[in-house]
Number of protein chains: 2
Amino acid sequence: MNRATIRDVARKAKVSHQTVSRVINGHNSVTPETRERVADAIRELEYVPSQVARSLSSSRTHTLGMVTTDVSDHFFAEAVAGADAEARKHGFFLIIGSIEPGAEDDERTYLRLLLERRVEGLIIAVPRLRLADDDLLAGAATRLPTVVVASDIELPGADHVDIDNRRGGLEATSYLLAQGHRRIATITGPLDWPSARARLDGYRDALRGTATAEAQVVEPSLDWGLESGRRAAERLLAVAKRPTAIFAQSDLLALGAIAALRAHGLRVPDDVSIIGFDDIPVAEVFDPPLTTLRQPMREVGELAARLVADPHSGARRGKSTRRHVLRAPLVIRGSVAPLRIKSEAGAGRSARIVRASKG
Amino acid sequence: MNRATIRDVARKAKVSHQTVSRVINGHNSVTPETRERVADAIRELEYVPSQVARSLSSSRTHTLGMVTTDVSDHFFAEAVAGADAEARKHGFFLIIGSIEPGAEDDERTYLRLLLERRVEGLIIAVPRLRLADDDLLAGAATRLPTVVVASDIELPGADHVDIDNRRGGLEATSYLLAQGHRRIATITGPLDWPSARARLDGYRDALRGTATAEAQVVEPSLDWGLESGRRAAERLLAVAKRPTAIFAQSDLLALGAIAALRAHGLRVPDDVSIIGFDDIPVAEVFDPPLTTLRQPMREVGELAARLVADPHSGARRGKSTRRHVLRAPLVIRGSVAPLRIKSEAGAGRSARIVRASKG
DNA sequence: TCGGTCTATGTTACCGGTCACATCACGCCA
DNA sequence: TGGCGTGATGTGACCGGTAACATAGACCGA
């Protein structure tokens, strides 16, 4: 038994298929009586209109496409959830092509799938996009509203939405400086991520402004994860001049680093201060509660979807590229302490001096 | 400038549109020369075939639909990622209707949207489904392959995939018993979640088998989150007979509880042992590393998609409901210690006795 | 040499809606 | 009373593919 069509309903209600269409779409010029008859037929036949046919004839799919890094990454999942909700508000359906780590070749495949499905807008949330110079993407960006998220690729016709990573890196480091720290290390993310580079730039900006500060950059080989943080911290500990504070570019890196420091008998924040980046859900309940910068990924997703879905708010094809940057606010908790000089007596003083020189 | 159609390509290549169709679909009986000419035309016109038109005429959408609880929940995101990957392996595209907390009325809307888009299979991953008795869902389940995930609703014609929560609850509690604990509390999830009820059943199963054991059930009012865990632990501490071990039904509840215990000067696991459920990414790096049961949500998603996408592996409409249950293995880390009797001397003995009585 | 089979290609209908336009009945006003 | 605007409904084409069948050579064996 196949699904009923609009003509089946029409026959049953003894009207034309067009009248049925009018009822479905809530058109005004239909007699209440007719409307009722049609509604009955729809109910009896369990008729569900075909969006497929509708899309073909109206050439509107009410669908937005999003190509994203693996959604099992919490932050991209947040962005997806935000975009999804916002898209729906504008009457769009979001369909997602999620790229698994290691399957980066799929980027093109998924993009193509989305285009074949005639999405009416495109959100590209793949930080290390291989498609940057791809014709398919370039063509898409000129055809439909396109927003690039968390990536610095140049895509004519596309808007960009991103976290202000550089400023975030600057603020994280400045905060450590303000707490009196001078020997401040950073554990970066993988430097092929634009966000990692931007945070590193911010870190350097901050240190540049402070003559006495010493930089120490550790780049983890692999990813943003715990294990990388742990290993990076191990490397820091092997150095003669141990830092008094660490800016870890992700919360997981921070947590991994804390674990490694603990394993070496160091206390956080008493011996070493740590600041993260992300504000993952457990950051708050960790011991110590992690001081970090909150990445508003949900808002990023929402903004991206709004730009794509709402023709009035930008991302119109052909328009020049606009950059929307969202700030990552500092969340102060317990993993950063003022610098303590060796003798207990000097503990508070150092911090006070810093504050004085700042204000 | 509108997208080129198959007939535009045909005109340019001086063949019929059918021949173009043949080339696109890799049909064999086309001269290499013709194929080449068509391919050139496709390239020049930047032709991308319309999946919409294709679906309409072939009545195949190659699309699976998934209705899920908010994907910003890590575990559902995992399930979605698994289902997505598996669906793709079978040549399907997964489209998702994610229900935001508080917008449960959307369940029906999204289900309907999926049906309008003529999905060829359905994955329902909403633990507390309001649609349980809905005609729309019932009709869908008889029409297309349907799998219900992590829910105990009865849906004729649908397969079920779930974690073995009861066994998980049993094993968590048994492990605490095996460590010598007798006063064991549980912090449940919200009891309108089937998984929470099943874990509670498992907990009771375990205690029933041990005459000397004492149960203590705390149900958090709201959710599975940190704050609920914290509050639940507070309530436990207010009781005269303090438990020596706690089975928290989620890792976040566990972490929240640990935070509360610490705030009261209690050490984990020295004063109170805690076991969680989930194995979230940070469980491993927490201090102490959390002993917990790993929920293989990715596998759940994969299995669900496989059942729906592969007609040979079940979920055929009309067939009787099958139940597939995945085990949640125990992951032993550092948040559970053997029961210590007040006097330090007795510490190890208690645990030894238990082990002996068990083997 | 001729019908039969196979290959390459073309022709036409069809999928299930929407769109543009046609039609018809009715009421109103000059 | 006739013309016209308007509301309710119907008709046929069309969206861009696929499916089924038709056709025209080429090859092949009897």
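Sequence lines set the chain letters: A, B, ... in the order given, protein chains first and strands last, and positions in each chain run from 1.
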Atom of I95(B), atom of F93(A) and distance for their closest heavy-atom approach: CD1-CE2, 3.8 Å

Touch class at under 4.0 angstrom, heavy-atom based, for S29(B) against every strand present: base

Gap between atoms CZ and P, on R11(A) and dT9(D) respectively (whole Å): 19 Å

Distance test, side-chain N/O of S16(B) to OP1/OP2 of dG10(C), below 4.0 Å: yes

Atom pair distance, as rounded to whole Å: CD1 in I6(A) and P in dG10(D): 12 Å

side-chain N/O T19(B) vs dA8(C) OP1/OP2, d < 4.0 Å: no

Residue met sooner reading DNA chain C from 5', once Y47(A) and V15(B) are mapped to nucleotides: V15(B)

Sugar-phosphate, base or nothing in reach of S55(B), heavy atoms under 4.0 Å: nothing

Sugar-phosphate, base or nothing in reach of V52(B), heavy atoms under 4.0 Å: nothing

Basic-acidic side-chain contact under 4.0 Å: D106(B), R88(A): no

Neighbour count >12 (heavy atoms, 6.0 Å) for atom CG, D133(A): no

Heavy-atom pair with the smallest gap, counting every atom of T146(A) and A141(A): OG1-CA, 3.3 Å

Nucleotide nearest Q18(B) when distance is taken to its side chain, options dA20(D), dT9(C), dG17(D): dA20(D)

Distance in angstrom units between E116(B) CD and dT18(C) C1', rounded: 15 Å

Residue A53(B), side-chain heavy atoms: nucleotide from dA8(D), dG16(D), dT18(D) that is nearest: dG16(D)

Sugar-phosphate only, base, or nothing, as touched by S50(B) at under 4.0 Å among non-hydrogen atoms: sugar-phosphate

T34(A) side chain to V30(A) backbone, donor-acceptor under 3.5 Å: no

Options dG17(D), dC15(D), dA8(C), nucleotide nearest the side-chain atoms of S57(A): dC15(D)

N/O (side chain, T31(A)) to phosphate O (OP1/OP2, dG7(D)) under 4.0 Å: no

R7(B) or N25(A), whichever maps to the more 5' nucleotide of DNA chain C: R7(B)

Integer-rounded Å distance: dT11(D) C1' and R22(A) CZ: 11 Å

Counterpart residues, salt bridge (charged side-chain N to carboxylate O under 4.0 Å, His left out), relative to K14(A) (two or more places apart): none

N or O in side chain of S21(A) less than 4.0 angstrom from dT18(C) OP1/OP2: yes

Length of the line joining R117(B):CZ and dG17(C):C1', which is rounded to integer Å: 15 Å

Gap between atoms CZ and P, on R3(A) and dG17(C) respectively (whole Å): 10 Å

Interatomic distance where NE2 belongs to H17(B) and P belongs to dG10(C) [whole Å]: 10 Å

R54(B) CZ to dC15(D) P, straight-line distance once rounded to whole Å: 19 Å

